[in-house]
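Structure, as structure tokens:
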There are 4 protein chains.
Amino acid sequence: MDSAPMRNDLPRAAAAGKREQTKVLNRQLILNAARQVFAELGYGAATVRDIIRATPLASGTFYNYFKSKEEVYQAIRDEVALAIRPRLHDERMKASTVEEFISCTFRTFFEYVADDRMNFRTIRHAADNTRVRMDTPEVIAGFEELREDIERAISKNLFPPVDPDLLMAAIVGVAFEVSERMLKTSPHDPKAAADFATALFLGGVRALPEMQHHEESGESNGELKSDAA
Amino acid sequence: MDSAPMRNDLPRAAAAGKREQTKVLNRQLILNAARQVFAELGYGAATVRDIIRATPLASGTFYNYFKSKEEVYQAIRDEVALAIRPRLHDERMKASTVEEFISCTFRTFFEYVADDRMNFRTIRHAADNTRVRMDTPEVIAGFEELREDIERAISKNLFPPVDPDLLMAAIVGVAFEVSERMLKTSPHDPKAAADFATALFLGGVRALPEMQHHEESGESNGELKSDAA
Amino acid sequence: MDSAPMRNDLPRAAAAGKREQTKVLNRQLILNAARQVFAELGYGAATVRDIIRATPLASGTFYNYFKSKEEVYQAIRDEVALAIRPRLHDERMKASTVEEFISCTFRTFFEYVADDRMNFRTIRHAADNTRVRMDTPEVIAGFEELREDIERAISKNLFPPVDPDLLMAAIVGVAFEVSERMLKTSPHDPKAAADFATALFLGGVRALPEMQHHEESGESNGELKSDAA
Amino acid sequence: MDSAPMRNDLPRAAAAGKREQTKVLNRQLILNAARQVFAELGYGAATVRDIIRATPLASGTFYNYFKSKEEVYQAIRDEVALAIRPRLHDERMKASTVEEFISCTFRTFFEYVADDRMNFRTIRHAADNTRVRMDTPEVIAGFEELREDIERAISKNLFPPVDPDLLMAAIVGVAFEVSERMLKTSPHDPKAAADFATALFLGGVRALPEMQHHEESGESNGELKSDAA
DNA sequence: AATGAATGAGTTTTCATTCAT
DNA sequence: TATGAATGAAAACTCATTCAT
């Protein structure tokens with residue numbers, strides 16, 4: 001009140017005003033809560049109430065930020081895709097051999113997943129352990145980008161003229177499925193995962209690295225909560 | 001119950017009591033409706049009401065057959081798993097080389113999927129094109145079985161001593177992801193899919209078969225409904 | 001902040017303190033917005049939010065001027081009644097014949113309505129074309145005043161000893177209903193309306209003026225908005 | 001229960017089954033509650049909750065019968081309009097003089113209103129005594145019908161060639177406004193009201209019947225509630 | 001068994017009002 | 001004094017489940 005009307009247009013610079021800050025904070029509070037809740041209950045079963053409850057905010061506040069569960073979800077997936085897709089694409093464009101193409105794809109992906117587990121964690125139904133993977137439009141766009149990169153690589157004779165669609169599918173399938181295994185080991189070992197997947201794609205099962213001992217982490221549904229908190 | 005699913009368009013052969021017949025019929029009506037609804041809305045978002053609505057039956061009737069959405073879901077799962085898991089396991093037990101192990105796994109899987117698309121079709125949210133894959137407990141049990149089979153194969157020196165968990169994950173990832181691509185081509189070509197996946201796992205990308213031209217079928221979300229009906 | 005919303009089109013005339021001016025302006029902004037909103041949604045369905053939205057002001061600002069929807073409404077009412085009631089009363093007090101009493105009542109009323117359409121415009125629900133007429137306490141007080149004037153006229157033998165309540169009702173009914181017809185013709189013709197109503201009250205249907213051609217104006221619900229803006 | 005499965009398709013006849021009966025009853029419970037609530041709070045301010053509360057039914061039950069407040073309201077107004085419009089039209093078609101046309105219109109209308117007060121009772125805001133009249137599409141259709149009947153009467157030389165729109169407006173205005181006065185007297189006297197209005201329209205104020213003594217009923221807002229109950 | 005309306009707890013959403021900036 | 005985000009009470013609506021027929 002004593003700070004007067006405050007002409008905040010100019011001197012603002014990096015200050016951002018407390019209001020601004022709170023808004024950003026609250027938005028993140030909601031997004032994080034939503035990530036947790038989706039992971040715990042699955043997207044379909046999650047309710048806006050569940051998200052609000054996982055937040056210190058009031059119910060009405062949710063609607064100041066998002067119109068619906070769908071909209072929160074959009075926001076989450078956009079964050080993820082925007083972060084990882086350019087990285088993957090750049091790496092692949094630099095590849096001059098099959099080895100590089102394959103290895104950088106897997107390495108970059110697994111490292112991202114290991115860093116940002118929350119966003120990739122496969123959703124599981126607490127009740128029945130049903131596993132749900134949602135590939136949002138942005139993620140699917142990432143698949144398309146991979147396919148295009150494969151086509152480009154084929155035209156540069158980096159790859160033999162294989163079906164780019166099937167190869168993309170195989171890479172995606174392995175990436176997601178192996179990611180999940182990786183997230184179950186402790187500590188997460190993106191390098192081992194990448195080496196495994198890369199070796200498989202370059203030489204088949206007979207070229208795979210010999211068994212690495214890994215411990216099953218004790219992670220269970222119960223722990224998801226604390227993870228995300 | 002012993003009179004089986006019974007396509008009831010045909011003359012009632014062995015004449016199970018009409019009562020009996022209706023019971024079986026209604027059960028199947030509900031299960032089919034549930035499959036559709038789960039596919040369209042996802043398991044979490046689907047409601048018992050949705051399932052009933054997709055049925056000519058009254059709401060109360062649902063509860064004569066199943067206690068809840070969960071129970072219908074269990075029933076669906078069991079049908080699928082009971083059908084495919086033993087086949088996969090048997091085939092793999094007969095394998096005496098890596099080649100056989102890998103190829104029979106993919107071939108059997110893709111053939112089943114091509115036959116029984118409804119149950120494997122990846123769920124898509126009509127609204128936002130979100131892709132959802134649900135791995136039910138039974139399906140996950142199938143994954144475990146695969147891992148055990150891999151371990152057995154390793155101990156028989158069929159495989160080198162790789163990480164069975166990661167190999168299982170890779171096989172599963174490729175199987176599901178490639179299945180989906182396969183379901184988009186018309187006619188479905190399980191052999192091509194199996195050949196691709198098998199070659200990849202045996203020799204890596206450089207061993208992959210050369211490009212097969214395939215046509216995108218016109219399949220879209222819109223058709224899911226009629227598919228399943 | 002002190003540079004204000006300020007309708008700065010015209011030179012600021014008499015230079016009331018800028019502060020002062022803004023206050024009056026904002027008050028009018030709110031009142032006008034409220035008139036619109038009440039007209040569009042009806043009083044009961046209108047919300048303070050609706051009013052604020054129809055304003056360039058912030059929600060909190062509303063409460064600097066009015067405590068509630070009720071209070072704005074009172075203010076609107078008062079404006080209207082303060083404008084028209086004294087005029088009607090004065091005219092009628094000057095009447096020395098039935099003819100004068102009736103004709104001045106209708107003429108004054110229709111002229112006011114034609115001038116200040118916004119406040120008399122019958123409310124219509126855009127959605128369902130429902131017509132809503134609100135007679136506010138002030139308006140009803142105007143009715144009472146009319147009845148008293150009728151009683152006074154009867155006691156002065158201007159009128160035969162009719163039921164003043166029923167006569168008042170008839171005058172009011174015709175005044176409002178014919179007003180509305182008048183507002184639908186373009187240009188508004190308060191004289192024709194007054195002549196019609198006066199003739200009816202003085203001689204019945206057989207004394208009515210012969211048909212006047214009138215054009216339906218293109219006015220529709222859609223235009224209410226722009227009218228009031 | 002002892003009546004067994006009861007093949008109710010045939011022997012049903014006039015029986016209608018208890019279920020049927022309950023449905024009709026509940027529908028009426030809701031409609032009556034809605035009439036009360038609209039009368040007490042005004043249409044806009046009334047909520048579905050208010051209607052449900054005025055009913056012995058559960059909240060969900062409301063939605064088995066009507067989708068929204070709007071829909072209940074539609075049902076109410078349809079009931080009214082369907083009841084009164086044909087009667088008015090028939091009477092007017094039989095009229096062979098101005099006198100008959102006017103008198104039957106008013107008489108029929110006032111009698112109906114006196115009989116079915118609930119549906120015509122002008123809505124008042126408990127809080128601020130605001131009067132609200134809603135002319136629904138059906139009611140407006142009744143206005144149009146009157147205008148057409150007037151046009152027909154003019155072409156039959158029953159009426160002089162007056163503006164049918166204005167005459168309709170005047171009749172409607174007087175009918176509604178006088179109705180309301182009538183409802184305030186006790187006992188309701190539709191004949192007096194009709195005589196008054198008819199005399200006014202046939203001969204103007206100088207032809208009006210001499211004052212009838214009438215008592216103001218003690219009706220106040222507070223009593224509306226019990227009235228409608 | 002089948003039916004389908006009733007139930008009421010739970011979810012979604014809106015809104016008046018407050019209050020820190 | 002203006003702003004507009006936060007609040008939480010209340011309204012709107014949905015749904016699994018029961019139960020009379």
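In what follows, every heavy atom counts, from backbone to side chain, and hydrogens, waters and symmetry copies are set aside. Protein chains get the first letters and strands the later ones, always in sequence-line order, with residue 1 at the start of each.
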Heavy-atom closest pair, residues [X] and [Y]:
{"X": "C:Ala75", "Y": "C:Phe66", "value": "CB-CE2, 3.9 Å"}
{"X": "B:Thr22", "Y": "B:Tyr65", "value": "O-OH, 4.1 Å"}
{"X": "C:Ile51", "Y": "C:Ile30", "value": "CG2-O, 4.0 Å"}
{"X": "B:Ser59", "Y": "B:Ile52", "value": "CA-CD1, 3.4 Å"}

Roughly, in whole Å, what's the span from [atom1] in [X] to [atom2] in [N]?
{"X": "B:Leu29", "N": "E:dT3", "atom1": "CG", "atom2": "P", "answer": "11 Å"}
{"X": "C:Arg27", "N": "F:dT1", "atom1": "CZ", "atom2": "C1'", "answer": "16 Å"}
{"X": "A:Lys23", "N": "F:dG4", "atom1": "NZ", "atom2": "C1'", "answer": "8 Å"}
{"X": "B:Ile51", "N": "F:dA16", "atom1": "CD1", "atom2": "P", "answer": "8 Å"}
{"X": "C:Ile30", "N": "F:dT1", "atom1": "CD1", "atom2": "P", "answer": "13 Å"}
{"X": "A:Phe66", "N": "F:dA5", "atom1": "CZ", "atom2": "C1'", "answer": "15 Å"}
{"X": "B:Leu25", "N": "E:dA2", "atom1": "CG", "atom2": "P", "answer": "10 Å"}

D:Arg19 side-chain proximity, nearest of F:dA20, F:dT3, F:dT7
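In terms of side-chain proximity for D:Arg19, the closest of F:dA20, F:dT3, F:dT7 is F:dA20.
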
So which nucleotide from E:dA2, E:dT7, F:dT7 ends up closest to the side chain of B:Tyr65?
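Of all the options, the side chain of B:Tyr65 is nearest to E:dA2.
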
In dot-bracket notation, what is the pairing pattern of DNA chain E, taking Watson-Crick (N1-N3 plus N6-O4 or O6-N4) and G-U wobble (N1-O2 and O6-N3) contacts under 3.5 Å, with [ ] crossing and | for other strands?
.||||||||||||||||||||

Quick one, give me the B/S/- string for nucleotides 10-16 of chain E, reading 5' to 3', where B means a protein heavy atom under 4.0 Å from the base and S means that only happens at the primed atoms, P, OP1 or OP2.
-BBBBBB

Side chain to side chain contact (heavy atoms under 4.5 Å, CB included) against B:Ala58, all qualifying residues, sequence neighbours excluded
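With neighbours one apart ignored, the set is B:Thr61.
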
Name all residues meeting the side-chain hydrogen bond (donor to acceptor under 3.5 Å, both in side chains) criterion together with C:Gln28; count only those two or more places apart in sequence or in a different chain, and write none if there are none.
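Applying side-chain hydrogen bond (donor to acceptor under 3.5 Å, both in side chains) to C:Gln28 gives C:Glu79.
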
Is the phosphate of F:dA2, meaning OP1 or OP2, less than 4.0 Å from a side-chain N or O of C:Asn26?
yes

Can you list the residues that meet the salt bridge (charged side-chain N to carboxylate O under 4.0 Å, His left out) rule with B:Arg53, with sequence neighbours excluded?
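With sequence neighbours excluded, B:Arg53 shows a salt bridge (charged side-chain N to carboxylate O under 4.0 Å, His left out) to B:Asp50, given in chain and number order.
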
Quick one: salt bridge (charged side-chain N to carboxylate O under 4.0 Å, His left out) partners of B:Arg49, sequence neighbours excluded?
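So B:Arg49 forms no salt bridge (charged side-chain N to carboxylate O under 4.0 Å, His left out) with any residue.
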
D:Tyr43 side chain reached by D:Glu70 side chain, heavy atoms, under 4.5 Å
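Yes, side chains in contact.
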
